[in-house]
Amino acid sequence: MLLQQHQKLDQKNQDQEHLVWCFLEVFSGEGGIQSYVKNLLEAYQKNIIPIQSPSTRNINPKSKVLILRDFPGCSNPFETPSSPFEFEYFKSQNPTWGRIKLATALLTYLIQYRPQRVLCGHINLAHLVQTICQPLGIPYTVLTYGKEVWEPLPKKYQKALQNADQIWTISRYSRDQACIANQLNPNQFQMLPCMVDGELFTPSPKPQALIKRYGLQDARVLMTVARLWKGDPYKGVDVTIRALSQIVQVFPDVKYLVIGRGDDQPRLQELAQDLGVSDRVVFAGFVPTEELVDHYRVCDGYVMPSQEGFGIVYLEAMACEKPVIAGDNDGSAEPLQDGKLGWQVPHRDVDAVAQACIELLKGEDQRCNGPWLRQQSLASFGKPAFQNRVQQLLQQKVV
């Protein structure tokens, strides 16, 4: 009996651990993709069973992680003696040389260890991974996040996706956009939605220091967190500014807190001035990640009628027990559970945004029930749910 249990543990370790991961950048930059990858690595580490006594020759007890644009010494919390990962970095002054070194390391590892599969963390590495994996008969999975696969890709990247054993993505919307643009089979896709850390994003009374900093005393506060870039004007900040004149007729004390920075801010400030609502719009600029939770706590509702691949910000707001407004034709359908947990409105419709904001501030809808919002969102998108989903995906057999 003990021998059988031991053999089962060995087999599970071989199935789960014998992987290779290839990423563009994880620890030397910040962004949605980087956060997603860190959550994925943490989930894998959480699910792994420590190896007892590997019985198969040429099995590396650690999963190899190759990262093109990171460098030795970057802040990597997974690089510990007990980590299930072995990291190798390829940042180079010459990007081509960096890719050559990564490709050489990947080929060498695949020949030596014959892993179960390779997980490719970005479309920009997919052609390289396909070129090396396919002749060796090793399956590969491509992780996609959002807009990077929503437009027609060069043929070599389309082929890399079409020949992947699986494609993981964060939402049905992102899957559908990628399929339309790049002639992909929806059956290739597996859903791995973003997660929210319910231990970090928690409800609390409005922080008085922030109320004072932004002049929000006795105000009902709507809030958006977004990069204010001219090249990505679809976050809906301008639409919400235009909606303020209607909202103020019902709630004269309303103010709009905009968190983020970028080259579109002057246009937005001028728009608020032209519409006579500049005294109600507060541009907070950049807010460090560690201060973000207090900013969610200061608002009465989160508003971002946008076009998102998913929209982790909606989950962060709901985990802080704040009601949310999103677009009605994007990946936010996932965190809002198709409108069950929040308002979905046409993302460029000023009247619809204004009406949703008014309903939200009235607080009479079930979607304004903070404790219920937190419970529902964490049940589907909290850390345990994410970790369970990663385990399910990694236990699936590939051919």
Side-chain angles (χ1 to χ4, degrees), residues 23 25-43 45-46 67 69-71 73-80 83 145-146 170 193-217 219 221-229 232 235 237 255-262 265 282-304 306 308-324 335 370-371 373-374 377-378 381-387:
F23 299 114
E25 179 186 74
V26 182
F27 304 107
S28 58
E30 291 189 4
I33 293 179
Q34 288 90 336
S35 296
Y36 185 72
V37 168
K38 291 173 188 175
N39 291 336
L40 176 57
L41 293 176
E42 182 183 10
Q45 182 172 260
K46 176 75 172 179
I67 312 180
R69 297 178 186 167
D70 282 355
F71 52 88
C74 61
S75 181
N76 180 351
F78 300 99
E79 208 159 25
T80 65
S83 170
Y145 192 75
I170 57 177
C194 301
M195 59 149 275
V196 63
D197 187 345
E199 296 180 0
L200 174 62
F201 292 93
T202 59
S204 184
K206 290 189 175 187
Q208 292 305 305
L210 293 185
I211 296 287
K212 183 177 181 181
R213 180 194 300 179
Y214 298 126
L216 302 175
Q217 295 88 345
V221 182
L222 301 172
M223 189 179 83
T224 300
V225 180
R227 291 173 293 192
L228 309 180
W229 291 355
D232 188 15
K235 296 296 184 180
V237 174
K255 289 201 173 182
Y256 181 34
L257 180 62
V258 181
I259 296 172
R261 62 186 174 189
Q265 183 170 329
V282 180
F283 289 93
F286 172 75
V287 170
T289 303
E290 58 271 18
E291 296 180 19
L292 194 54
V293 64
D294 271 343
H295 285 73
Y296 283 114
R297 291 166 176 164
V298 86
C299 77
D300 295 287
Y302 185 85
V303 185
M304 197 168 77
S306 180
E308 300 293 311
F310 182 84
I312 183 66
V313 287
Y314 304 114
L315 291 180
E316 292 172 349
M318 289 188 287
C320 295
E321 300 188 353
K322 303 298 180 178
V324 299
L373 281 177
R374 175 175 167 84
S377 59
L378 292 184
F381 301 106
K383 187 178 291 188
F386 182 84
Q387 291 176 345

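These numbers were taken from a predicted model, which means no experiment stands behind them.
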*Asks:* Can you confirm whether Leu41 sits close enough to Phe23 that some side-chain heavy atom of one is under 4.5 Å from a side-chain heavy atom of the other?
*Replies:*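 Yes, side chains in contact.
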*Asks:* Given 3.5 Å as the limit, does a donor-acceptor pair link the side chain of Lys38 with the main chain of Pro77, or not?
*Replies:*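 No, because the side chain of Lys38 does not come within donor-acceptor range (under 3.5 Å) of the backbone of Pro77.
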*Asks:* Would you please name every residue forming a side-chain hydrogen bond (donor to acceptor under 3.5 Å, both in side chains) with Ser204, sequence neighbours left out?
*Replies:*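 Applying side-chain hydrogen bond (donor to acceptor under 3.5 Å, both in side chains) to Ser204 gives none.
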*Asks:* Please find the pair of heavy atoms, one from Val258 and one from Tyr256, that lie closest to each other, and give the distance.
*Replies:*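 Here Val258 and Tyr256 meet closest at CG2-CE2, 3.6 Å.
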*Asks:* Strictly by salt bridge (Lys or Arg N to Asp or Glu O under 4.0 Å), give each pair with a member in residues 194-203 just once, sequence neighbours left out.
*Replies:*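 Listed once each, the pairs are Asp197-Lys383.
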*Asks:* Please enumerate all residues that pass salt bridge (charged side-chain N to carboxylate O under 4.0 Å, His left out) together with Glu316, with sequence neighbours excluded.
*Replies:*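 Here no residue qualifies.
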*Asks:* Is it true that, when you exclude Glu30 itself, more than 12 heavy atoms of the residues, nucleotides or ligands shown sit nearer than 6.0 Å to its CD?
*Replies:*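 Check fails, neighbour count at 12 or below.
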*Asks:* Identify the two heavy atoms, one from Phe27 and one from Ser75, that lie closest to each other, and give their separation to 0.1 Å.
*Replies:*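 Distance-wise, the nearest heavy atoms are CB-O, 3.5 Å.
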*Asks:* Let me confirm one number: the CG-CD distance from Asn39 to Gln34, rounded to the nearest 0.5 Å.
*Replies:*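 If we round to the nearest 0.5 Å, Asn39:CG and Gln34:CD are 12.0 Å apart.
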*Asks:* Quick check: do Lys235 and Trp229 have side-chain heavy atoms less than 4.5 Å from each other?
*Replies:*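 They are not in side-chain contact.
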*Asks:* What's the shortest heavy-atom distance between Ser28 and Asp70, and which atoms?
*Replies:*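 Heavy atoms of Ser28 and Asp70 come nearest at OG-OD1, 2.5 Å.
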*Asks:* Which value, rounded to the nearest 0.5 Å, describes the distance between Cys299 atom SG and Ile259 atom CD1?
*Replies:*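 Those atoms lie 8.0 Å apart.
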*Asks:* Asp300: what forms a side-chain hydrogen bond (donor to acceptor under 3.5 Å, both in side chains) with it, not counting sequence neighbours?
*Replies:*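 Only Lys206 meet the side-chain hydrogen bond (donor to acceptor under 3.5 Å, both in side chains) criterion with Asp300.
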*Asks:* Per the ring-ring contact (aromatic ring centres under 6.0 Å, His included) rule, which among Tyr314, Phe386, Phe310 passes with Phe381?
*Replies:*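 Of the listed options, the one satisfying the test is Phe310.
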*Asks:* Say you draw a straight line from CZ of Arg227 to CZ of Phe286; how long is it, rounded to the nearest 0.5 Å?
*Replies:*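 Arg227 atom CZ to Phe286 atom CZ measures 12.0 Å (nearest 0.5 Å).
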*Asks:* Quick one: does Arg297's side chain have a donor or acceptor within less than 3.5 Å of a partner on Thr202's backbone?
*Replies:*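 Yes; judged by distance alone, with no hydrogens or angles, the pair exists.
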*Asks:* Atom CD of Glu25 and atom SG of Cys74: how far apart are they, to the nearest 0.5 Å?
*Replies:*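 The distance works out to 9.5 Å.
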*Asks:* How would you list, by chain and number, every residue that makes a salt bridge (charged side-chain N to carboxylate O under 4.0 Å, His left out) with Glu321, sequence neighbours excluded?
*Replies:*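 Scan of Glu321 (salt bridge (charged side-chain N to carboxylate O under 4.0 Å, His left out), adjacent residues dropped) gives none.
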*Asks:* Keeping the roles fixed (side chain from Thr224, backbone from Val303), state whether a donor-acceptor pair exists under 3.5 Å.
*Replies:*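 It does hold such a pair.
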*Asks:* Does the side-chain contact (heavy atoms from CB on, under 4.5 Å) test come out yes or no for Glu42 and Phe78, once each step is laid out?
*Replies:* CA-CA 8 Å; Glu42 182 183 10; Phe78 300 99; 3.9 Å; yes
*Asks:* Measure across Met304 and Ala226 and return the closest heavy-atom pair with its distance rounded to 0.1 Å.
*Replies:*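 Looking at all heavy atoms of both residues, the shortest contact is SD-CB, 4.4 Å.
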*Asks:* Any donor and acceptor pair, going by atom type alone, linking the side chain of Tyr302 with main-chain N or O of Val225 inside 3.5 Å?
*Replies:*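 Yes.
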*Asks:* Looking at every non-hydrogen atom in both residues, tell me the closest pair between Leu200 and Val293 and how far apart they are.
*Replies:*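 That closest heavy-atom pairing would be O-CG2, 3.6 Å.
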*Asks:* Side-chain contact test, heavy atoms from C-beta onward, threshold under 4.5 Å: evaluate it for Val298 versus Tyr214 and give yes or no.
*Replies:*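 Not in contact.
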*Asks:* Could you pull out the closest heavy-atom pair between Ile211 and Gln217, with the gap in Å?
*Replies:*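 Shortest heavy-atom contact: CG2-N, 3.6 Å.
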*Asks:* Are any non-hydrogen side-chain atoms of Ile312 and Tyr36 less than 4.5 angstrom apart?
*Replies:*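 In short, these two side chains do not touch, never coming nearer than 4.5 Å.
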*Asks:* Do other residues, nucleotides or ligands put more than 12 heavy atoms under 6.0 Å from Arg213 CZ?
*Replies:*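 Buried by this count: over 12 neighbours within 6.0 Å.
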*Asks:* Okay, side chain of Tyr296, backbone of Ala319: is any donor-acceptor separation there less than 3.5 Å?
*Replies:*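 Judged by distance alone, no pair lies under 3.5 Å.
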*Asks:* Tell me whether Ser377 contacts the main-chain N or O of Leu315 through its side chain, where contact means a donor paired with an acceptor under 3.5 Å.
*Replies:*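 Judged by distance alone, no pair lies under 3.5 Å.
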*Asks:* Are Leu210 and Leu257 packed together at the side-chain level, in the sense that at least one heavy-atom pair is separated by less than 4.5 angstrom?
*Replies:*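 Side chain of Leu210 against side chain of Leu257, heavy atoms only: no contact under 4.5 Å found.
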*Asks:* Got a sec, which residues hit side chain to side chain contact (heavy atoms under 4.5 Å, CB included) with Ser35, two or more places apart in sequence or on another chain?
*Replies:*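 Result, side chain to side chain contact (heavy atoms under 4.5 Å, CB included) vs Ser35: none returned.
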